[in-house]
Amino acid sequence: MIEIIPIPAFEDNYIWLIRNASFAAAVDPGDADPVMEYLQQHNLRLTAILITHHHGDHCGGAEELRRIYDCPVYGPRLEKIQATTQTVAENDIVSLPGLDTAFHVIDVPGHTRGHVAYYGIHSLFCGDTLFACGCGRLFEGTPEQMQASLAKLAALPDETRVFCAHEYTLANIRFARIADPGNITLQEREIRERQTRAQGLPTLPSTIALEKNTNPFLRWDNSHLIAAASQFAGRPLHSPASIFAAIRQWKDKLD
Ligand code: ZN
Ligand code: FE
C-alpha cells in the first residue's frame with residue numbers, strides 16, 4: 001500500500017515522500033537531512049527523486065540524496081538543476097522503482113520558466129504553482145502562462161489530491177477572504193484549516209474540487225471575482241488571464 005508522508009523542512013516547506021513498506025520516492029527535497037532521518041527510521045530505500053523547479057528550497061538536498069542512494073533524479077528539461085539525471089517535460093511518464101506506480105509530467109510555467117508538476121495515483125505534486133487558496137509568485141513567467149498552467153491543473157479530476165510544497169494556507173485564506181468575501185465554502189474552510197493548524201497538522205493535501213471552490217486564483221470564471229478584479233484594476237476585465245493577473249497583483253501589493 002502506498003502512503004504519502006509530509007516531511008517538514010525549513011520554515012514552511014513540505015518534502016513529500018511517496019512510500020510503501022520498503023521503498024520511497026521524494027518530491028522536492030530541499031534538504032537531505034530530514035529525508036534521510038525518516039528513511040533510516042522507517043528502514044526505507046530511496047529509489048527516485050522528483051523535482052518541480054530549480055529553487056533551492058525544492059532541490060537543495062537532491063544531490064546529496066542521489067549520492068547516498070544512487071537513485072534517478074527527475075527534473076524539468078528547461079531548468080538547470082545540478083542533481084538532475086533525467087530531464088522531463090509535458091507528456092513524459094516517470095515510473096517509480098519499487099513503488100509500482102507512475103506519474104505524468106505536466107508543464108506548468110509561471111512561477112519559474114520550466115516548472116513541472118507530477119500527476120498520478122489521484123495525486124498532484126505541484127511545487128510552487130498551485131497552493132491551497134493561493135498560487136506561486138510570478139518570478140520568471142507571465143500571467144498568461146501561469147493562468148494557463150493553473151487551468152491545466154484545474155482540469156484534473158475533482159477528487160485529485162493536491163500536494164503543495166508549502167504550508168501557506170492560512171495566510172492565503174486571509175487574502176482569499178478579501179478578494180472573495182461572500183464565499184461561504186471559503187469561510188467554512190477557514191474554520192477547518194485553523195483547527196487543523198491549531199493541532200499542528202498540515203492543511204494538505206487539498207483537492208482540486210476544494211481549490212476550484214475556494215482559491216481566488218482559479219476563479220476567473222466567477223462573477224464575484226471578475227467584479228473584484230475589475231475594481232482593483234480600475235477597468236472592466238474579461239479574459240481569464242487579465243482577471244488572474246489583477247488578482248495576483250492585488251495579493252502581491254498586500255503581501
Ligand atoms: Zn519556488
Ligand atoms: Fe518554494
Side-chain angles (χ1 to χ4, degrees), residues 4-18 25-35 49-65 73-84 87-90 103 105-119 123-150 152-153 161-176 197 202-206 211 215 217-218 244-245 247-249 251-252 254-255:
I4 300 173
I5 310 292
I7 298 180
F10 310 117
E11 287 285 289
D12 49 31
N13 282 73
Y14 293 122
I15 300 164
W16 294 106
L17 202 77
I18 306 161
V27 183
D28 281 353
D31 189 1
D33 290 345
V35 177
I49 293 170
L50 307 180
I51 295 174
T52 62
H53 67 293
H54 68 83
H55 289 157
D57 62 315
H58 298 257
C59 62
E63 183 71 30
E64 187 178 349
L65 290 170
V73 180
Y74 297 92
R77 186 171 299 162
L78 291 178
E79 299 193 353
K80 202 158 172 42
I81 298 168
Q82 202 201 348
T84 300
T87 60
V88 295
E90 183 106 346
F103 284 82
V105 178
I106 306 171
D107 286 339
V108 286
H111 177 66
T112 62
R113 200 168 71 88
H115 200 304
V116 296
Y118 298 92
Y119 170 65
S123 302
L124 173 71
F125 296 93
C126 48
D128 287 353
T129 297
L130 176 61
F131 292 125
C133 274
C135 75
R137 282 170 176 269
L138 305 182
F139 286 124
E140 297 172 14
T142 63
E144 287 73 19
Q145 283 178 317
M146 188 61 146
Q147 190 272 329
S149 295
L150 291 169
K152 279 195 222 174
L153 302 184
R161 294 177 300 168
V162 180
F163 294 87
C164 319
H166 289 272
E167 180 62 63
Y168 287 160
T169 310
L170 292 184
N172 286 341
I173 287 176
R174 211 171 306 136
F175 171 74
R197 289 309 289 151
T203 57
L204 304 169
S206 176
E211 293 312 317
N215 188 327
F217 297 98
L218 296 182
F244 167 80
I247 294 169
R248 186 61 260 181
Q249 280 165 21
K251 181 162 193 295
D252 287 345
L254 296 181
D255 275 348

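In each ligand, atom 1 is the first atom listed, and ligand 1 is the first ligand listed. Everything numeric in this text was worked out from a predicted model, so none of it was measured.
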Taking both backbone and side chain into account, is any N, O or S atom of D57 nearer than 2.8 Å to the Fe ion (ligand 2)? yes
N, O or S of H58 under 2.8 Å from the Fe ion (ligand 2): yes
Of all N, O or S atoms in D128, the one closest to the Zn ion (ligand 1) is OD2
To make sure I understand the geometry: which N, O or S atom in H55 is closest to the Zn ion (ligand 1)? ND1
Tell me if the CD atom of E90 is crowded by more than 12 foreign heavy atoms within 6.0 Å. yes
Paired with I51, the side chain to side chain contact (heavy atoms under 4.5 Å, CB included) test is passed by just one of V27, V116, V88, I81, namely I81
Is the ring pair H53/H115 parallel, tilted or perpendicular, if the boundaries are 30 and 60 degrees? parallel
Which class fits the ring pair F163 and F125: parallel under 30°, tilted 30 to 60°, perpendicular over 60°? parallel
Suppose we only count N/O/S atoms under 2.8 Å; would H55 qualify as near the Fe ion (ligand 2)? no
Need the atom name: nearest N/O/S atom of D128 to the Fe ion (ligand 2). OD2
What's the atom name of the N, O or S in H53 nearest to the Zn ion (ligand 1)? NE2
In this structure, are over 12 heavy atoms from other groups packed under 6.0 Å from R161 atom CZ? yes
